[in-house]
Amino acid sequence: MRLVILDDYDLASEWAAKYIRNRIVEFKPSADRYFTLGLPTGSTPYGCYQKLIEFHRSGDLSFKYVKTFNMDEYVGLPRAHPESYHSYMWNNFFKHIDIDPANAHILDGNAEDLEAECNAYEQEIAAAGGIKLFVGGIGPDGHIAFNEPGSSLVSRTRVKTLAKDTIVANARFFGNDLSKVPTMALTVGVGTVMDAKEVMILITGAHKAFALYKAIEEGVNHMWTVSAFQQHPHTIFVCDEDATLELRVKTVKYFK
Amino acid sequence: MPSNKSVSDAPIIQFTNCRILREHKLQREDLWVRDGKILDPEKLFFDEKGYADCRLDCGGAIVAPGFIDVQINGGYGVDFSQPCEDVSTGVSLVAKKILEHGVTSFCPTLVTSPPAVYHQVLPQVNIHNGGPDGAGVLGFHLEGPFISSEKRGAHPERFLRTFQSGGTDDLMETYGSLDNVAMVTLAPELPHSQSVVSTLRQKGVTVSLGHSVANLSQAEDAVRHGASFITHLFNAMLPFHHRDPGIVGLLTSDQIPAGRTVFYGMIADGIHTNPAALRIAHRAHPSGPFRDVLSGPETWLVLVTDAIMAMGLPPGRHTLGQQVVQIQGLHAYVAGTKTLSGSIATMDMCVRHFKQAAGCSVEDALEAAALHPARLLGISHRKGSLQYGADAGPFLPLDGSGGSGAALTVFVSVSQTWFCWTTGFGSEQPTSLERSPEETMMMIIRLFPRFRICCEMA
């Protein structure tokens with residue numbers, strides 16, 4: 001793996017955004033060959049999205065021939081709800097760029113048949129030629145997307161019940177009322193992300209430090225599902241100084 | 001890039017690089033319009049997989065909802081109270097001209113007149129939406145004849161009336177039909193007025209108190225029966241007195257039924273009301289962070305022009321209703337007296353003056369001319385704001401040639417001065433409009449060099 005350590009959140013966001021931009025530009029996407037991008041939500045990638053929007057506005061980056069696949073979405077939350085991941089993506093990214101709406105894929109948490117929705121999503125990814133670059137985050141419990149501790153490391157897109165940790169962590173977006181937080185979500189599987197050609201994980205903040213330690217300095221373990229990417233040929237972990245607080249000095253020195 | 005046609009074929013226009021008035025704040029958001037309605041772009045994106053056909057860069061301008069003038073007696077030589085064969089031509093002329101002031105909907109106002117005038121004029125102008133050719137008509141505002149003699153102002157005394165036959169009969173006998181009427185101003189101290197107020201409310205007509213010597217309890221009684229507006233606060237009513245505040249006391253009355261709102265009109269032209277009085281009224285219901293904290297009745301300021309026929313005309317003598325007025329500079333007097341007969345201010349002037357005199361925010365000033373009158377008339381779900389689904393200002397209805405478009409009033413703030421400009425967007429058949437889209441754009445570029453337009457028509 002590559003471990004890229006930046007001084008702070010803003011620099012980490014900028015680095016990640018530049019990496020995405022460069023990958024897309026180098027690829028020279030066109031109507032015949034789209035660049036497929038996997039995308040996360042949450043507070044960690046927010047800065048990265050801001051930067052990408054900047055690049056778009058200055059004319060350096062177009063999403064006209066980019067297809068995106070988001071990692072997850074809550075089940076049962078109305079799509080127009082301000083906390084749905086559809087709202088997040090629209091407000092923080094899609095409405096500022098030139099992506100074709102038909103190319104922006106997000107799981108539908110209100111689908112009649114959730115299992116069918118998940119299977120269809122896997123097929124859409126395959127039909128698009130697989131994902132070139134999957135960008136993700138990490139939960140405090142080491143989960144990638146909503147692959148909570150105990151998720152199979154070869155799992156595919158499916159319905160998952162959220163772990164207590166996750167629900168508590170998300171409560172702040174629902175007025176700190178635990179009863180209002182969704183308890184289930186649709187998520188891409190660990191295996192789904194592993195299929196991507198390249199994976200970039202963003203990790204910032206001291207509260208993620210322990211998860212990062214478990215993910216890269218301990219073994220591959222389904223209790224810390226991000227650890228699965230130790231077995232991916234092209235993984236980059238982008239983090240800030242605070243996120244490295246639980247790592248061994250030797251590790252940090254090696255990668256700096 | 002054509003939009004997805006699954007829901008509608010109409011072109012989608014996206015206004016970018018602008019500040020729009022939404023949820024009481026000026027926000028940096030794009031404004032999307034389709035088919036004369038404000039569109040929810042998120043729904044468009046996810047449900048229809050659609051996007052804009054045409055993008056307009058507003059150069060940082062403020063985009064505000066069209067203003068609503070609920071008290072305007074005429075303008076440009078047209079006097080709505082003057083009986084004639086063809087009232088609608090005059091109304092259309094004024095409707096077209098006031099677009100330039102940002103007014104996209106209005107209530108043509110009739111001052112006290114003999115029944116024959118009402119019978120002739122009212123049926124001639126129906127309530128209708130506007131378009132690029134003129135503001136929409138929301139219904140007549142009948143100011144009189146059931147008003148106080150003492151406070152008649154410029155209204156002719158010989159046509160004043162009371163509710164002799166008990167109320168409703170007098171009403172219908174005087175006006176004829178209430179079909180095209182949005183609002184009636186009356187004096188609540190007149191006997192039997194309570195039942196009239198109730199009747200009008202039941203018929204969906206807004207009742208306003210004005211030209212009256214009512215005391216506070218009479219005014220409160222009228223509000224209990226359904227009155228919700230005060231016609232040009234301070235003017236043509238008893239002045240505030242600390243032991244009987246009169247109608248002005250409604251601003252802070254504790255007798256207003258829960259959930260009811262009292263609106264008050266103000267002519268913020270710098271002439272009809274001293275700026276200090278304007279501020280007193282405005283602070284009775286402050287805006288901003290204290291809006292929800294201070295308890296008290298809901299009272300909302302509504303900007304009106306009360307413009308008379310001389311508005312837009314050069315100085316001199318002109319006719320208003322059954323009387324003659326004299327224009328001197330920014331003042332209009334009853335000829336031979338010092339009684340103000342009405343204003344010749346325009347709505348954009350009033351908005352600017354109100355903002356400056358009250359020291360309020362831009363948002364409050366704009367809302368006083370748009371959202372509040374819409375709320376007063378009960379039409380705020382489709383007018384007076386830029387919320388999704390609201391009318392995008394006037395719009396050109398679909399006609400036989402298949403044309404459709406949206407008109408919007410845009411305010412460009414250039415070094416503290418606001419210029420107001422209304423545009424109409426055409427269809428594939430420019431003959432259905434005065435100006436083609438290309439001509440409209442050239443006009444925009446000429447008038448406002450800061451506008452950069454990038455437009456890709458499908």
Side-chain angles (χ1 to χ4, degrees), chain A residues 29-31 34 39 41 49-50 53-54 56-59 62-70 72-75 77-112 117 120-121 124 127-128 186, chain B residues 1-20 22-34 37-60 63 386-390 452-458:
Chain A
S30 66
Y34 279 76
L39 293 177
T41 50
Y49 283 129
Q50 294 284 296
I53 293 166
E54 244 181 71
H56 170 69
R57 286 211 177 117
S58 61
S62 165
F63 291 87
K64 199 160 174 211
Y65 298 116
V66 173
K67 285 187 179 167
T68 65
F69 290 87
N70 265 66
D72 42 22
E73 173 62 285
Y74 290 114
V75 167
L77 196 63
R79 201 206 56 216
H81 191 285
E83 291 304 325
S84 82
Y85 288 166
H86 280 80
S87 293
Y88 178 100
M89 290 307 297
W90 167 254
N91 284 312
N92 295 322
F93 197 47
F94 293 145
K95 82 175 173 192
H96 305 282
I97 58 171
D98 62 344
I99 190 166
D100 184 333
N103 291 334
H105 301 268
I106 307 181
L107 284 156
D108 178 8
N110 292 298
E112 293 245 344
E117 169 72 10
Y121 203 68
E124 273 166 30
L186 301 183
Chain B
M1 294 197 298
S3 58
N4 182 299
K5 306 288 185 202
S6 65
V7 170
S8 164
D9 263 345
I12 296 169
I13 304 163
Q14 180 188 2
F15 292 85
T16 66
N17 193 11
C18 53
R19 287 171 290 156
I20 65 173
R22 185 171 282 161
E23 282 158 30
H24 314 298
K25 284 192 295 288
L26 280 178
Q27 306 182 15
R28 269 224 159 261
E29 288 282 351
D30 292 349
L31 186 74
W32 296 65
V33 176
R34 174 170 66 186
K37 297 236 179 264
I38 312 279
L39 192 61
D40 180 347
E42 187 175 348
K43 279 185 78 172
L44 175 73
F45 187 88
F46 288 125
D47 283 345
E48 299 179 47
K49 314 264 184 253
Y51 35 77
D53 294 287
C54 176
R55 234 168 251 113
L56 197 77
D57 186 323
C58 297
V63 179
L386 296 175
Q387 60 191 0
Y388 302 139
R452 294 183 321 279
I453 296 162
C454 55
C455 190
E456 314 144 29
M457 287 298 220

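By convention in this document, chain letters (A, B, ...) are assigned in the order of the sequence lines, proteins followed by strands, and residues within each chain are numbered from 1.
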Legend entry - Partner set under salt bridge (Lys or Arg N to Asp or Glu O under 4.0 Å) for B:E29, not counting sequence neighbours: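 If we apply the salt bridge (Lys or Arg N to Asp or Glu O under 4.0 Å) test to B:E29, skipping adjacent residues, the hits are A:K95.
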Inset, instruction - To the nearest 0.5 angstrom, please state how far the CZ atom of B:F46 sits from the CG atom of A:D108. - result: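 The CZ atom of B:F46 sits 10.5 Å away from the CG atom of A:D108.
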Inset, instruction - Check B:F45 against A:P101 and note the closest heavy-atom contact, atom names and distance. - result: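 Taking B:F45 first and A:P101 second, the nearest heavy atoms are O-CB, 3.5 Å.
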Inset, instruction - Tell me, for A:I106 versus chain B, whether the close heavy atoms (under 4.5 Å) come from the side chain, the backbone, both or neither. - result: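 Only the side chain of A:I106 comes within 4.5 Å of chain B.
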